[in-house]
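Have a look at the structure below, then the notes.
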Amino acid sequence: MSKNSCWKNIKAGIIHLFFPNRCPFCGGTIPFRSHCCEDCQKKSELWEPVVWKECADWHFDAFAAPFLYGMGAEQGVYELKFHGNITPAEHFGYFQYQCLVQAELAGFDVITAVPMAKRQKRRRGYNQAAELGKAVSRYSGKPYLELLKKPKQLLVQHTLSLEERKRNVIGAFCVREPFLAVGKTVLLVDDILTTGATMDECARVLKQAGAKSVIAAAVCRVSKEKWDLEKQNLEKYRDNMV
């Protein structure tokens with residue numbers, strides 16, 4: 001083992017001593033190189049990855065999510081999204097990349113994330129989708145770039161109907177540096193895909209800027225039957241934000 005690798009292991013061990021690594025599903029303490037606890041790993045056969053390789057009705061060309069909403073991963077997503085805890089992003093980024101590999105969708109050139117408006121990002125302190133994208137970058141070795149920006153604040157998506165969500169995001173996003181997307185297969189990352197309106201609009205502007213194709217990736221996919229549950233959970237977590 002090189003001195004550099006040895007130092008990294010020592011540093012990681014010290015950090016783990018004071019800030020224990022935690023399972024993104026149940027919050028239990030886990031070894032610093034693990035991504036979930038043994039109990040949650042035993043339930044992995046219940047995890048339901050969602051993979052679409054034909055997306056004729058969307059501007060993105062494929063979609064993958066390692067988890068179906070309601071199987072436990074959404075609790076870690078809400079910790080990341082509302083409670084200032086970015087640790088779950090590292091674990092979920094790992095699971096997202098593994099899902100993409102297993103689905104044979106890991107041939108992307110560059111990674112980007114669904115952006116946040118400046119005011120919203122200042123309030124939260126970070127963009128949770130960007131943290132997921134950066135984690136996927138670390139596991140895939142592909143570059144993460146801030147390709148998109150969101151110039152204006154929108155109405156909160158989960159408070160809207162399907163048609164309202166679609167209208168709400170039209171024209172909401174633009175590409176920062178179009179030449180960075182030209183001819184590239186872009187991996188577009190977000191936390192949860194519900195109606196798909198947000199990721200679809202992001203994919204549309206990326207292709208308009210010259211992207212060859214867009215693969216969408218989320219942590220969870222919400223089935224239509226669980227839309228009301230997601231709305232209730234989001235409102236609960238917002239009410240209990242620290």
Side-chain angles (χ1 to χ4, degrees), residues 49-69 77 81 89 92-117 121 127-152 154 157 162 165-224:
V50 180
V51 176
W52 305 334
K53 290 191 175 181
E54 294 184 8
C55 301
D57 296 329
W58 306 91
H59 287 96
F60 48 81
D61 301 277
F63 170 78
F67 309 110
L68 191 63
Y69 187 93
V77 171
K81 197 165 187 172
F92 288 141
Y94 167 81
F95 288 118
Q96 282 182 289
Y97 180 59
Q98 292 302 312
C99 181
L100 289 161
V101 170
Q102 291 167 14
E104 299 182 338
L105 292 174
F108 46 86
D109 303 305
V110 65
I111 303 164
T112 197
V114 171
M116 296 175 74
K121 187 176 179 180
N127 175 2
Q128 76 279 353
E131 296 303 319
L132 290 166
K134 292 171 187 174
V136 175
S137 175
R138 287 190 285 274
Y139 290 107
S140 67
K142 303 293 177 65
Y144 174 82
L145 298 175
E146 298 280 353
L147 294 180
L148 297 164
K149 62 181 178 179
K150 185 179 179 182
K152 62 179 182 178
L154 305 177
Q157 283 287 83
L162 172 59
R165 289 186 188 212
K166 290 178 180 178
R167 291 196 298 269
N168 191 42
V169 296
I170 293 174
F173 308 102
C174 58
V175 179
R176 292 175 182 272
E177 301 288 351
F179 72 90
L180 293 174
V182 173
K184 302 289 180 59
T185 294
V186 179
L187 179 70
L188 174 65
V189 177
D190 203 2
D191 50 11
I192 295 176
L193 184 140
T194 306
T195 66
T198 299
M199 296 191 90
D200 192 52
E201 179 64 10
C202 288
R204 185 187 71 80
V205 298
L206 283 166
K207 285 191 167 181
Q208 191 176 56
K212 177 183 177 183
S213 61
V214 177
I215 299 169
V219 176
C220 300
R221 158 65 173 151
V222 184
S223 64
K224 193 171 183 179

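Values reported hereafter were calculated over all heavy atoms of this structure, with side chains retained and with hydrogens, waters and symmetry mates removed. Quick caveat, the model's predicted, so the values are computed rather than measured.
By the 4.5 Å heavy-atom criterion applied to side chains, Tyr69 and Thr194 are not counted as neighbours. Between Val189 and Ile111 there is a side-chain heavy-atom pair separated by less than 4.5 Å. Side-chain contact check for Phe108 versus Lys142: some heavy-atom pair is nearer than 4.5 Å. Taking 4.5 Å as the limit, every side-chain heavy atom of Leu187 sits out of range of all side-chain heavy atoms of Val110.
Residues Ala65 and Arg221 approach most closely at CB-N, 4.1 Å, considering heavy atoms. Closest approach of Thr112 and Leu145 over heavy atoms only: OG1-O, 2.8 Å. Heavy atoms only, all atoms of each residue included: Leu132 and Phe92 are closest at CD2-CB, 3.7 Å. Nearest heavy-atom pair, Val182 versus Ala209, reported as atom, atom and distance to 0.1 Å: CG2-O, 3.5 Å.
Under the salt bridge (Lys or Arg N to Asp or Glu O under 4.0 Å) criterion, Lys207 pairs with Asp61, sequence neighbours left out. With sequence neighbours left out, Tyr94 forms a side-chain hydrogen bond (donor to acceptor under 3.5 Å, both in side chains) with no residue at all. For Val101, the side-chain contact (heavy atoms from CB on, under 4.5 Å) test picks out Tyr97, Ala106, with sequence neighbours left out. Looking at residues two or more places apart in sequence or on another chain, you find a salt bridge (Lys or Arg N to Asp or Glu O under 4.0 Å) between Arg138 and Glu90. Listed by chain and residue number, Glu131 satisfy the salt bridge (Lys or Arg N to Asp or Glu O under 4.0 Å) test with Lys134 (two or more places apart in sequence, or in another chain). Remark: Gln128 engages Arg124, Asp191 in a side-chain hydrogen bond (donor to acceptor under 3.5 Å, both in side chains) (not counting sequence neighbours). The side-chain contact (heavy atoms from CB on, under 4.5 Å) check on Glu146 picks up Ala130, Tyr144, Arg176, with sequence neighbours excluded. Residues forming a side-chain hydrogen bond (donor to acceptor under 3.5 Å, both in side chains) with Asp200 (at least two apart in sequence, or on another chain): His59. With sequence neighbours excluded, no residue forms a side-chain hydrogen bond (donor to acceptor under 3.5 Å, both in side chains) with Ser137. For Cys99, the side-chain contact (heavy atoms from CB on, under 4.5 Å) partners are Pro49, Val51, Ala64, Pro66, not counting sequence neighbours. For Phe60, the ring pair (Phe, Tyr, Trp, His ring centres under 6.0 Å) partners are Trp58, not counting sequence neighbours.
Each side-chain hydrogen bond (donor to acceptor under 3.5 Å, both in side chains) pair with one or both residues in residues 181-190, not counting sequence neighbours, appears once here: Thr185-Ser213.
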Criterion side chain to side chain contact (heavy atoms under 4.5 Å, CB included) on Leu193 and Val222, from CA distance to verdict:
CA-CA 6 Å; Leu193 184 140; Val222 184; over 6 Å; no

Take Leu148 and Leu188, measure what side chain to side chain contact (heavy atoms under 4.5 Å, CB included) needs, and give me the verdict at the end.
CA-CA 10 Å; Leu148 297 164; Leu188 174 65; 3.9 Å; yes

Determine whether Glu177 and Leu147 satisfy the following criterion, side chain to side chain contact (heavy atoms under 4.5 Å, CB included), listing intermediate values before the conclusion.
CA-CA 7 Å; Glu177 301 288 351; Leu147 294 180; 6.0 Å; no

Can you list the steps and then say if Val219 with Ile192 is a side chain to side chain contact (heavy atoms under 4.5 Å, CB included)?
CA-CA 6 Å; Val219 176; Ile192 295 176; 5.8 Å; no

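Taken from CD1 in Ile215 to CZ in Phe63, the straight-line distance is 12.0 Å, to the nearest 0.5 Å.
Within a 6.0 Å radius of NZ in Lys149, other residues, nucleotides and ligands contribute 12 heavy atoms or fewer.
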